[in-house]
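Okay, structure first, notes after.
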Number of protein chains: 4
Amino acid sequence: MTERSLISPPAAGTRAQLVDAAERVLRSKGLARATTKEIAREAGCAEGTLYLHFADKLDLVRAVHEKLLPAFIEVVRHLPGRAGTRTVEANLTELGCSALRLYLDMLPVGSSLFADPELLRRFRARLAEQGAGPHRAWEPVVAYLRAEQALGRVAADADPAAAALLLLGACEQLAFVELMTGPETLPFRDRPDPVAVLVATLLAGLSPTDPSDPTETERRP
Amino acid sequence: MTERSLISPPAAGTRAQLVDAAERVLRSKGLARATTKEIAREAGCAEGTLYLHFADKLDLVRAVHEKLLPAFIEVVRHLPGRAGTRTVEANLTELGCSALRLYLDMLPVGSSLFADPELLRRFRARLAEQGAGPHRAWEPVVAYLRAEQALGRVAADADPAAAALLLLGACEQLAFVELMTGPETLPFRDRPDPVAVLVATLLAGLSPTDPSDPTETERRP
Amino acid sequence: MTERSLISPPAAGTRAQLVDAAERVLRSKGLARATTKEIAREAGCAEGTLYLHFADKLDLVRAVHEKLLPAFIEVVRHLPGRAGTRTVEANLTELGCSALRLYLDMLPVGSSLFADPELLRRFRARLAEQGAGPHRAWEPVVAYLRAEQALGRVAADADPAAAALLLLGACEQLAFVELMTGPETLPFRDRPDPVAVLVATLLAGLSPTDPSDPTETERRP
Amino acid sequence: MTERSLISPPAAGTRAQLVDAAERVLRSKGLARATTKEIAREAGCAEGTLYLHFADKLDLVRAVHEKLLPAFIEVVRHLPGRAGTRTVEANLTELGCSALRLYLDMLPVGSSLFADPELLRRFRARLAEQGAGPHRAWEPVVAYLRAEQALGRVAADADPAAAALLLLGACEQLAFVELMTGPETLPFRDRPDPVAVLVATLLAGLSPTDPSDPTETERRP
DNA sequence: GATGAATGAGACTTCATTCAT
DNA sequence: GATGAATGAAGTCTCATTCAT
C-alpha cells in the first residue's frame with residue numbers, strides 16, 4: 001500500500017476514504033455482507049486503520065448515513081431560486097426526476113438503518129444532537145412552493161409540506177418498487193415519463209372540476 | 001417438546017411457527033441481529049428443525065417477506081366496493097391511515113431486503129415465478145378510483161395509478177421518516193391528522209384555479 | 001415406501017439392503033460424506049430403520065468392511081485347484097489381474113477404516129472374535145504355490161508366503177497409486193500388461209544367473 | 001499466546017505449525033475425528049487462525065498430504081549412490097525396512113485421501129499442476145537397480161520398475177495388514193525379519209533353476 | 001418392524017476487534 | 001498514524017440419533 005500514494009493523492013484523508021469505501025461496499029454488498037476487511041481493501045488501507053478513525057464498524061456505517069441527508073439537500077438546494085422561472089410543472093418534474101435517481105441510489109444504503117436497531121439508535125442520537133432531520137430536505141421544497149404561491153403559480157390554499165411529501169413520497173415508492181421487483185419489471189414506469197404523470201396529477205388534483213356539479217358544493221364542507 | 005402440544009396447539013405447523021417467529025425477531029432485532037438460535041427459541045423448536053423446512057436462514061427470511069404483500073393486499077381489498085359510499089376524501093383517508101400503519105409495521109422487515117443482495121435476488125426470483133409484484137397492491141386502489149371516476153366523484157382525466165402512487169408513497173415516506181427520526185421527532189405528523197391533509201392536497205391539486213373565477217376566492221376560507 | 005415392496009422384493013432383508021447401500025455410498029462419497037440419510041435413501045428405507053438393525057452408523061460401516069474379506073477370498077478360492085494346469089505364469093497373472101481389479105474396487109472402502117480409530121477398533125475386535133484375518137486371503141495362494149512346488153513348477157526353496165505378499169502387494173500398490181493419481185496418470189500401467197511384467201519379474205528374480213553357466217545366456221532370448 | 005514465544009520458538013511459522021499439528025491429529029484421531037478445534041489447540045493457535053493460512057479445513061489436510069511424498073523421496077534419495085556397495089540384498093532390505101516404517105506411519109494419514117472424494121480431487125489437481133506423482137518415489141529405486149544392472153549385480157533383463165513395485169508393494173501391504181489387524185496379530189511378521197525374506201524371495205525368483213528339469217525348457221517358450 | 005419429524009450437540013467458518021511492530 | 005496477523009466469540013448449518021405414531 002506504499003505505492004498507493006504515488007497514484008492517488010492521500011490528501012483526501014483516510015477517514016473520508018473509509019466513508020466513501022464503506023458507502024460503495026454498502027451499496028454493492030448490503031449491510032449483511034459489508035465486512036471491515038472488504039471496506040478496508042476498497043479504501044486502500046489496513047483493516048486496523050479503520051479503528052483509528054471510528055469507534056467501531058457501526059460508527060463507520062453511521063458516518064455513511066450522515067452523508068445521505070446532505071446529498072438530498074444538495075438536490076433541492078437551488079429549487080427556491082427557481083420560483084417564477086419556467087413552469088411549476090417543469091420545476092417539479094425536474095425535482096422528481098432528481099429525487100427518483102437519488103432514491104434509487106440511496107435506498108439500498110438507507111434501508112440498512114433498519115437492519116440493525118443499534119445502528120438506528122445511534123443515527124437518531126446523532127440527528128438529535130445536530131438538530132437535523134429529514135425535514136431539512138423538505139424545507140427548500142416547501143420554500144419553493146410558498147414562493148410560487150406568492151407568485152400565484154400555485155394555489156394559495158395548498159399545503160406546501162403535504163405537496164412535497166406527496167411528490168417525494170411517490171418518487172421514493174417508485175424507486176422502492178423498482179429496486180424490489182428488479183429493473184425489468186416496472187409496474188408503473190413503463191410510461192414515457194412516470195414522474196411527469198405524477199406531477200401532472202398532483203397539479204390537477206383528483207376532484208372533478210365541473211362547478212355546475214351539485215355534489216361538488218359539498219366537496220369539503 | 002412433548003408438553004408443548006399440551007400448551008399451545010402444534011396444529012399451526014412448525015413451518016408457519018418458524019415464519020411467524022422469524023417475523024417477530026426480524027421486527028425487533030433487525031436482520032443483522034436475527035440469529036437462527038433466537039428464531040428457533042421464539043418458535044419453540046430446535047435450531048436444526050429450521051433446516052427441515054427451509055434451505056437456509058435466508059430462505060426463511062424470504063418466506064417472511066412473502067407474507068408482506070398479502071398483508072398489503074388485505075388492506076385495499078375491500079376498497080373498490082366502497083366506491084360511491086361516504087365521500088372520496090373519507091375513503092382515501094381511511095386507506096392512507098391503514099397504509100401508514102402497515103408501513104410502520106412492515107418497513108423494518110421489508111427494508112432488510114436491501115441489506116443482503118442475495119436475499120433480494122431470491123425474493124425477485126420468487127416474485128417472477130409467481131407472476132406477483134407490488135402492483136397487486138395498487139390494483140384495487142386503481143379500480144376504486146376508476147369506479148369513482150365513473151360515478152363522477154373523481155376527475156375523469158386524472159390518472160388513477162399516479163394518484164395511488166402519490167397517496168401511498170406519501171404514507172410510506174411518512175412512515176419511513178418517523179421510523180428514522182424516532183417516535184418523538186415528527187417533522188410533519190404534528191398536524192392533527194397528517195393523512196387527511198395529504199388527501200385534501202391530492203384532491204384539490206396544486207394548480208391555482210382561474211383567478212377570474214370569483215367563487216375561487218372563498219373556496220377554503 | 002409402501003409401494004417399494006411391489007417393485008423390488010423386500011425378501012433380501014432390510015439389513016442386507018442397508019449394508020449394500022452403505023457400501024455403494026461409501027464407495028461413491030467416502031466415509032466423510034456418507035450420511036445416514038443418504039444411506040437410508042439408497043437402501044429405500046427410513047433413516048430410523050437403520051437403528052433397528054445396527055447399533056449405530058459405525059456398526060453399519062463395520063458390517064460393510066466385513067463383506068470385504070470374503071470377496072477377496074472368493075477370488076483366490078479356486079486357485080489351489082489350478083496347480084499343474086496351464087502355466088504358473090498364467091495362473092499368477094490371472095490372480096494378479098483379479099486382485100488388481102478388486103483392490104481398485106475396495107481400497108476406497110477399506111481405507112475408510114483408518115479414517116476413524118473407533119471404527120478400526122471395532123473392526124479388529126470383530127476379527128479377533130472370529131479368528132479371521134487377512135491371512136485368510138493369502139492361504140489359498142500359499143497353498144497353490146506349495147502345490148506347484150510339489151509339482152516342481154516353483155522353486156522348492158522359495159517362500160510361498162513372501163511370494164504371495166510380493167505379488168498381491170504390488171497389485172495393491174498399483175491400485176493405490178492409480179486411485180491417487182487419477183485414471184489418466186498411470187505411472188506404471190502404461191505398459192501393455194503391467195501385471196504380466198510383475199509376474200515375470202517375480203518368477204525370474206533379480207539375481208544375475210551365474211555367468212559361467214552357458215545355459216543361462218539364453219534364458220530369455 | 002504471548003508466553004508461547006518464550007517457550008517454543010514461533011519461528012517455525014504458524015502455517016507450518018498448523019500443518020504439523022494437523023498431521024499429528026490426523027494420525028491419532030483419523031480424518032473423521034480431526035476437528036479444527038483440536039488441530040488449532042495442537043498448533044497452539046486460535047481456531048480462526050487456521051483460516052488465515054488455508055481456505056478451509058480440507059486445504060489444510062491436503063497440505064499435510066503434500067508433505068507425505070517428499071518424506072518418501074527422502075527415504076530413497078541416497079539409494080542410487082549405494083549401487084556397488086555392500087550387497088544388493090542388504091541395500092534392498094534396508095530400503096524395505098525404511099519403507100515399511102514409513103508406510104506404518106503414513107498409511108493412516110494417506111488413507112484419509114479416500115475418505116473424502118473432494119479431498120482426493122484437490123490432491124490430484126495439485127499433483128497435476130506440480131507435475132509430481134508417486135513415481136517420483138520410485139525413480140531413485142529404479143535408478144539404483146539400473147546401476148546395479150550395469151555393475152552386473154542385478155540381472156540385466158530384470159524390469160527395475162516392476163522390481164521396485166514388488167518390493168515396495170509388499171512392504172505397503174505388510175504395513176496395511178498390520179495396521180488393520182492390530183499390533184498383536186501379525187500374520188506374516190512373526191518371522192525374524194519379514195523384509196529380509198521378501199528381498200530374498202524377490203532376488204531368487206520363483207522359477208525352479210534346475211536346468212536338467214525338462215519341464216523347465218518350456219517355461220517361457 | 002417401519003417411519004420420519006424433531007432434536008441438539010458440535011462441526012466448520014466468519015469477522016469485528018486488538019496489539020505488537 | 002498505519003499495519004495485518006492473530007484472536008475468539010458467535011454464527012450458520014449438519015447429522016447421528018430418538019421416539020411417538
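Below, chains carry the letters A, B, ... as their sequence lines are ordered, and counting in each starts from 1.
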Original post:
Should the pair B:D56-B:R122 be classified as a salt bridge under the 4.0 Å nitrogen-to-oxygen rule?
Top reply: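 A salt bridge links B:D56 with B:R122.
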
Subject >> Secondary-structure notation, DNA chain F, from Watson-Crick and G-U pairs under 3.5 angstrom (| other strand) >> reply: .||||||||||||||||||||

In whole angstrom, give the distance that lies between atom [atom1] of [X] and atom [atom2] of [N].
X     : N      : atom1 : atom2 : result
C:Q17 : E:dT3  : CD    : P     : 10 Å
A:E38 : E:dT14 : CD    : P     : 14 Å
D:K37 : E:dG10 : NZ    : P     : 10 Å
C:E47 : F:dC15 : CD    : C1'   : 8 Å
B:R41 : E:dG8  : CZ    : C1'   : 14 Å
A:I39 : E:dT17 : CD1   : P     : 11 Å
B:R15 : E:dA6  : CZ    : P     : 12 Å

Original post:
Heavy atom of residues 22-36 of chain A under 4.0 Å from DNA chain E: which residues?
Top reply: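 Heavy-atom cutoff 4.0 Å gives A:A34, A:T35, A:T36.
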
Subject >> Neighbours of DNA chain E within residues 48-66 of chain B, by heavy-atom distance under 4.0 Å >> reply: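 Within residues 48-66 of chain B, the residues near DNA chain E are B:G48, B:T49, B:L52, B:H53.
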
Original post:
With sequence neighbours excluded, what pairs up with C:R126 under the salt bridge (charged side-chain N to carboxylate O under 4.0 Å, His left out) test?
Top reply: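 Once residues adjacent in sequence are excluded, the partners of C:R126 under the salt bridge (charged side-chain N to carboxylate O under 4.0 Å, His left out) criterion are C:E66, C:E129.
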
**OP:** With sequence neighbours left out, write down each residue that passes side-chain hydrogen bond (donor to acceptor under 3.5 Å, both in side chains) with B:H65, or none if nothing qualifies.
**Re:**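 Counting only residues at least two positions away or on another chain, B:H65 forms a side-chain hydrogen bond (donor to acceptor under 3.5 Å, both in side chains) with B:S112.
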
Original post:
With sequence neighbours excluded, what pairs up with A:D105 under the side-chain hydrogen bond (donor to acceptor under 3.5 Å, both in side chains) test?
Top reply: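 Residues passing side-chain hydrogen bond (donor to acceptor under 3.5 Å, both in side chains) with A:D105: none at all.
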
Check whether any side-chain heavy atom of [X] lies under 4.5 Å from a side-chain heavy atom of [Y], and answer yes or no.
X     : Y     : value
B:K67 : B:V64 : no
A:E23 : A:V19 : no
D:T35 : D:K29 : no

**OP:** For B:A63 and B:R15, work out which heavy atoms get closest and say how close.
**Re:**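 So the minimum-distance heavy-atom pair works out to CB-NH2, 4.1 Å.
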
**OP:** Provide the closest heavy-atom pair for C:L113 versus D:M180 in the form atom of the first, atom of the second, distance.
**Re:**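 Smallest interatomic distance, heavy atoms only, reads CD1-CG, 3.7 Å.
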
Original post:
Reckon D:T14 has a side-chain N or O less than 4.0 Å from the OP1 or OP2 of F:dA5?
Top reply: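 Answer is no, no contact under 4.0 Å.
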
Original post:
Quick one: CG on B:L31 to CG on B:L119, what's the gap to the nearest 0.5 Å?
Top reply: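 Here the rounded value is 6.5 Å.
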
Subject >> D:T36 OG1 to D:E47 CD distance, which is reported to the nearest 0.5 Å >> reply: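 D:T36 atom OG1 to D:E47 atom CD measures 4.0 Å (nearest 0.5 Å).
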
